[in-house]
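Right, one structure below, let's go through it.
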Amino acid sequence: MLLDFYETMVRIRKFETKLTEYFTKGMLYGNIHTSIGQEAVATGTNKALEKTDLITATHRGHGQIIAKGADTKIMMAELFGRKTGYCQGKGGSMHVADVSLGILGANGIVGAGIPIAAGSALASKIKGTKEVTVAIFGDAASNQGTFHEAINMASAWKLPAVFLCENNNYGVSVNIHTVTNVEYISDRAKGYNIPGVVVDGNDPIAVYEAVKQAVEYAREGNGPSIVECMTWRMRGHYEGDPAAYRDRAITDEWAKKDPIDNFRVRLLAEGIEEAEIAAIDEAMEKEINDAIEFALESPLPDPSEVTTDVYSSDNERCVAR
């Protein structure tokens, strides 16, 4: 289990590190928002889910989507705008989705995935099925109306949902404590009479245990809860953002909490050999290099397909002329 957690975190880190390299070369379309430093949240969250459970992710969603089971080759192809990508190259970094894996989609709009998750949970309740939907959002999204509306509905109807906050302290350049009057986002759970917990988002095991408890609570019909994971994005809001708005001393302090470095130390303390850890590092490096090769060798979508999957083909009023 520990090695599995480590492998997932390294897979995410190497995937996004490669993205920064190729974005700098001008080979990726649009912009990218990396979750480097937040890998423990994605890993712990998704390891706590069943395959049939669902998630909605954010504009910083690569890690969550990979941890839910997305193929890094198909992911990479999508970011390179290739036809072999999850959305045939039309979604890009912020709109990866695969319903078959329970990935209802990343979303470029702050807080937009929260009501989608509530709707998914409502569908599960109506159908009488047992899947749970996890709405993943950042700290700044908790000031959106969608956050309050969706949680109010979910709590009132006891929907099988978990609202998971990746609190990396900043919404773009705004420190969350300058725009909220609570110490923790999860304190807002009290207003809806649901559980709210805070965990160390740099510890994948702590995240796993908290999410597991929240998921089972929801699956048993008790309704939603808020799980807040305190973490830190090591890079700027978007790739190329110098993040001059962050205090250097705080940034240096958080850098010591790198979830992968610290988990590697934990593995060694548990008696796992360095050779096993190195083998995972090498395997993940090869996997991501293979993903890059797959993406670069894949074809671009044909311009004639620009409206495919955008409009409903069986409704003439919706078809572009």
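- Taking each heavy atom of P115 and A112 in turn, the nearest pair found is CD-O, 3.4 Å.
- Proximity of a side-chain donor or acceptor of K90 to a complementary backbone N or O of T308 within less than 3.5 Å is detected.
- Nearest approach of N107 to I109, heavy atoms of both residues: OD1-N, 3.0 Å.
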* Between M284 and I280, is a side chain to side chain contact (heavy atoms under 4.5 Å, CB included) present by the stated rule, with each step listed? -> CA-CA 6 Å; M284 292 303 98; I280 290 174; 4.2 Å; yes

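- Linking Ile, Leu, Val, Met, Phe, Trp and Tyr whenever their side-chain heavy atoms come within less than 4.5 Å leaves W254 and V198 in two separate clusters.
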* **Trace of the salt bridge (Lys or Arg N to Asp or Glu O under 4.0 Å) decision for D200 with K257** => CA-CA 10 Å; D200 179 359; K257 301 178 182 181; over 6 Å; no

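- Put simply, CG on N152 and CH2 on W157 are 10.0 Å apart, with the number rounded to the nearest 0.5 Å.
- The closest donor-acceptor contact from the side chain of N167 to the backbone of D139 lies at 3.5 Å or more, if one exists at all.
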* To do: Take K286 and E282 through the test salt bridge (Lys or Arg N to Asp or Glu O under 4.0 Å) and record every step on the way to the result.
  => CA-CA 6 Å; K286 182 179 186 306; E282 292 172 11; over 6 Å; no

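- Side-chain contact between F80 and S298: absent, with no pair of heavy atoms (C-beta onward) separated by less than 4.5 Å.
- Side-chain atoms of E16 and R235, non-hydrogen and from C-beta on, never get closer than 4.5 Å to each other.
- Proximity of R266 to D203: side-chain heavy atoms (C-beta onward) are separated by under 4.5 Å at one or more points.
- Between Y192 and H148, the closest side-chain pair of non-hydrogen atoms falls below 4.5 Å.
- In this structure, the side chains of I114 and T56 stay at 4.5 Å or more apart for every pair of heavy atoms.
- The heavy-atom pair separating A150 from F163 by the smallest distance is O-CZ, 4.1 Å.
- Side-chain atoms of I36 and E39, non-hydrogen and from C-beta on, do get closer than 4.5 Å to each other.
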* Tell me, with the steps shown, if S186 and E228 meet side chain to side chain donor-acceptor pair (under 3.5 Å). => CA-CA 6 Å; S186 55; E228 181 176 8; 3.0 Å; yes

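- No donor-acceptor pair under 3.5 Å is formed between the side chain of K47 and the backbone N or O of P204.
- Summarising the geometry of G81 relative to L300, their closest heavy-atom pair is O-CD2, 3.5 Å, with the distance given to 0.1 Å.
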* Are E239 and N31 close enough, and set up right, to give a side chain to side chain contact (heavy atoms under 4.5 Å, CB included), and what steps lead you there? -> CA-CA 7 Å; E239 197 56 33; N31 210 328; 4.3 Å; yes

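- Note that CG of N168 is 10.0 Å distant from NE2 of H237, once rounded to the nearest 0.5 Å.
- In this structure D241 satisfies the side chain to side chain donor-acceptor pair (under 3.5 Å) test together with Y245, sequence neighbours excluded.
- With a 4.5 Å cut-off on side-chain heavy atoms, E285 and K18 count as touching.
- Taking the side chain as every heavy atom from C-beta outward, L268 and I277 approach each other to under 4.5 Å.
- Atoms CE and CG, from M76 and L296 in turn, are 9.0 Å apart once rounded to the nearest 0.5 Å.
- The closest donor-acceptor contact from the side chain of D187 to the backbone of V182 lies at 3.5 Å or more, if one exists at all.
- The backbone N or O of A255 lies less than 3.5 Å from no partner atom in the side chain of D258, so there is not a single donor-acceptor pair.
- Rounded to the nearest 0.5 Å, atoms CD1 (I66) and CZ (F15) are 4.5 Å apart.
- Note: F147 and F137 have perpendicular aromatic rings, judged against thresholds of 30 and 60 degrees for the angle between ring planes.
- Under the 4.5 Å side-chain heavy-atom criterion for ILVMFWY residues, no single connected hydrophobic cluster contains both I103 and M94.
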* Asked: Between E166 and R233, is a side chain to side chain contact (heavy atoms under 4.5 Å, CB included) present by the stated rule, with each step listed?
  -> CA-CA 10 Å; E166 293 182 295; R233 54 173 165 82; over 6 Å; no

* **Stepwise side chain to side chain contact (heavy atoms under 4.5 Å, CB included) test for I260 and R264** => CA-CA 6 Å; I260 295 176; R264 190 180 291 115; 3.7 Å; yes

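- Remark: side-chain polar atoms of E287 are not paired, donor with acceptor, to backbone N or O of R11 under 3.5 angstrom.
- Hydrophobic clustering of Ile, Leu, Val, Met, Phe, Trp and Tyr side chains at less than 4.5 Å, counting indirect connections, keeps L164 apart from Y184.
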* To do: In sequence, state the C-alpha distance, the side-chain angles, and the governing distance for E209 and K212, and then conclude on salt bridge (Lys or Arg N to Asp or Glu O under 4.0 Å).
  => CA-CA 5 Å; E209 291 174 346; K212 190 75 172 174; over 6 Å; no

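- Not a single side chain to side chain donor-acceptor pair (under 3.5 Å) links T146 to another residue, sequence neighbours left out.
- Judged purely by distance below 3.5 Å, without hydrogens or angles, the side chains of S124 and E131 pair a donor atom with an acceptor atom.
- Of all heavy-atom pairs spanning F23 and G30, the tightest one is CE1-O, 3.2 Å.
- A perpendicular orientation is assigned to the rings of Y238 and H33, their planes being inclined by more than 60° (bins at 30° and 60°).
- Around atom NZ of K51, no more than 12 heavy atoms belonging to other residues, nucleotides or ligands sit under 6.0 Å away.
- H62 and S93 share a donor-acceptor pair across their side chains, judged by distance under 3.5 Å alone.
- Environment of CE in M234: crowded, with over 12 heavy atoms of neighbouring residues, nucleotides or ligands closer than 6.0 Å.
- For CG of N193, the number of neighbouring non-hydrogen atoms (other residues, nucleotides, ligands) closer than 6.0 Å is 12 at most.
- Residue I151 is grouped with residue I185 when hydrophobic side chains (ILVMFWY) are merged at heavy-atom distances under 4.5 angstrom, including chains of intermediate members.
- Note on residues 59-72: no pairs pass salt bridge (Lys or Arg N to Asp or Glu O under 4.0 Å), not counting sequence neighbours.
- Here the shortest heavy-atom pairing between V96 and C87 reads CA-SG, 4.4 Å.
- With rounding to the nearest 0.5 angstrom, the CG atom of N46 is 9.0 Å from the OG1 atom of T8.
- Ion pairing between K83 and E305 holds under the 4.0 Å rule for side-chain N and carboxylate O.
- Here the OG1 atom belonging to T133 is positioned 10.0 Å from the CD1 atom belonging to I55, to the nearest 0.5 angstrom.
- When the side chains of ILVMFWY residues are joined at heavy-atom separations under 4.5 Å, either directly or via intervening members, V199 and V132 end up in a single hydrophobic cluster.
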